[in-house]
Protein chains: 2
Amino acid sequence: MASTSSERPVRVRLVEAAARLLSREGPQALTARRLANEVGASTMALYTHFGGMPELVRAVVDEGFARLAAHMAAVPRTADPVADLGSLALAYRANALANPHLYGVMLGGAPLGRYRVPPAELIEGRRNDSDTFGVLVEATKRAMADGRFRSGDPAVVSAQLWSAIHGFVMLELAGHLAGEPDVETVLTPLLATIAAGLGDDPEATARSVAAVRSHLRAEAGAGAPREAGGRAVAVDGP
Amino acid sequence: MASTSSERPVRVRLVEAAARLLSREGPQALTARRLANEVGASTMALYTHFGGMPELVRAVVDEGFARLAAHMAAVPRTADPVADLGSLALAYRANALANPHLYGVMLGGAPLGRYRVPPAELIEGRRNDSDTFGVLVEATKRAMADGRFRSGDPAVVSAQLWSAIHGFVMLELAGHLAGEPDVETVLTPLLATIAAGLGDDPEATARSVAAVRSHLRAEAGAGAPREAGGRAVAVDGP
DNA sequence: TGTGCGATATAACGCTGTTATGGCAAGCAC
DNA sequence: GTGCTTGCCATAACAGCGTTATATCGCACA
């Protein structure tokens, strides 16, 4: 009661507690009674402020999309659009690894409790803010304008890139790549393969991928990757 | 009791009912009481035969992997290994679309109820039978032996291909590609891009992709895709 | 003809999301 | 200041969930 008391409104404290529980203990910890205890209130608070568990999950997912978009928008744009695409892929992965449960609900189509976010709302949430997908499209456009990629529909090419990145991250999260290799043996070669297939000069691709790899190693060396560069998507609170 | 009575043992009837419920009504329909009603028994049957809900889910997942492997092993091997890889991708997708909930549990890392299959068991299940991933590796080896793909570690290249296919399917299932294009505008171009990036001659790639597309259209024209060619992964019963 | 043992039905426990009820405190009309 | 309305919250309840303890049934075997 008093331990968690602060001036922040109950509504945002509920969302924060939900994100924290989801991040630290997984979906099964996200119960109405647990949530109420966490913010020092009764379960009724959940229903007066949100209407029910589904709406609270929706709020957490929206928060997750906003943070993912912010994290990807924070990736610097260099003179090398192909390297930028690689950096975006790594940012995408870092977010997923920082909060796998939320990622599963946002982009993996996973239900949370007995509630599953409808696809239409997922897409709408994804298009808000600076739009995760839009950043990919923009970098793809630059790669085409620079003559790195063959001309084509940037949205279609971005969808291909997104499929590849997303698939790698999902397999990695599900553990299907364990024992077998990791980012440097699957993801970056995959990006190189796709870049080459899209028309990029092999030597230019090699330079871009090397740049991405050096960024990755620099971040990994600087500390825990999920902490470096801005908190990722986890809503862990201070 | 009499309506579902047959000589089949209760154990397999429980697994079948679970797969049917999961396929037709989704995860929230998969409850112990519902399952018991479905086979005309009490909930105790579940515990005497399986020990609990998690073990039953495990049995359904094993069944799903077996059917997926059988479905992919049924893809014919032609003289064109790149086209074969495309056909495998389409078979993979057809299975996922035929039973999206089961696919999410098997390969999407989605929890079922309050139970989530441990990654280690997923991988073990995947390696059984003819091993879904092994079929991919085998086709990749042939593509390398035929000079279509540059030489390299087939397992690593297969992991890249799997990531791409899996990512497309997950995004498609989650609805993130809706409005935007479909198999023919994202998946087959993605496979063509990767083949080209792996060293395949562009014209050879075009021929292989055209062959895959014609197969796809032939199947789509022959009837519902999920019915053509052997029941897919759904355990729908007669 | 017992006899033992596995499978099952019944009922309960603690948990879940949800809601009906009642009280409490703040804001506003007069 | 008094009375009323309105919104927020605590309490307690309800149906449903997975699970389990107990008792009963039925069948194989000595």
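Numbers restart at 1 for each chain; the letters A, B, ... are given by sequence-line order, proteins then strands.
By the 4.0 Å N-to-carboxylate-O rule, B:Glu63 lies close enough to B:Arg67 to be salt-bridged with it. A salt bridge is defined here as a Lys NZ or Arg NE, NH1 or NH2 lying under 4.0 Å from an Asp or Glu carboxylate O, and B:Glu25 with B:Arg34 meets this definition.
In terms of heavy atoms, A:His176 sits closest to B:Met106 at NE2-O, 3.5 Å.
In this model, the phosphate group of D:dC9 is approached by a side-chain N or O of A:His49 to a distance below 4.0 Å at OP1 or OP2. Checking the phosphate oxygens (OP1, OP2) of C:dT16, a side-chain nitrogen or oxygen of A:Thr31 falls inside 4.0 Å. Within the 4.0 Å cut-off from OP1 or OP2 of D:dT11, not a single side-chain nitrogen or oxygen of A:Ser42 is found.
Counting only heavy atoms from C-beta outward, the side chains of B:Leu136 and B:Tyr92 never approach each other to under 4.5 Å. Contact annotation: the side chain of A:Leu97 approaches that of A:Leu173 to within less than 4.5 Å [non-hydrogen atoms, C-beta and beyond].
B:Leu30 comes within contact range of the sugar-phosphate backbone alone, with a heavy-atom separation under 4.0 Å but no base atom that close.
In this structure, B:Leu14 places its CG atom 13 Å from C1' of C:dA7, rounding to the nearest Å. B:Arg13 places its CZ atom 13 Å from the C1' atom of C:dT8, with the value rounded to the nearest Å. Rounded to an integer number of Å, the gap from A:Asn37 CG to C:dT16 C1' is 14 Å. For the pair B:Gln28 CD and C:dT16 P, the computed distance is 20 Å after rounding to whole Å. As rounded to whole Å, 14 Å separates atom C1' of D:dG16 from atom CZ of B:Arg34.
A salt bridge (charged side-chain N to carboxylate O under 4.0 Å, His left out) check over residues 97-107 of chain B, counting only residues at least two apart or in different chains, returns nothing.
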Please list each protein N or O that sits under 3.5 Å from an N or O in nucleotides 19-27 of chain D, with the distance.
unit_1 : atom_1 : unit_2  : atom_2 : d
D:dT19 : OP2    : B:Tyr47 : OH     : 3.1
D:dT19 : OP2    : B:Met53 : N      : 2.9
D:dT19 : O5'    : B:Tyr47 : OH     : 3.4

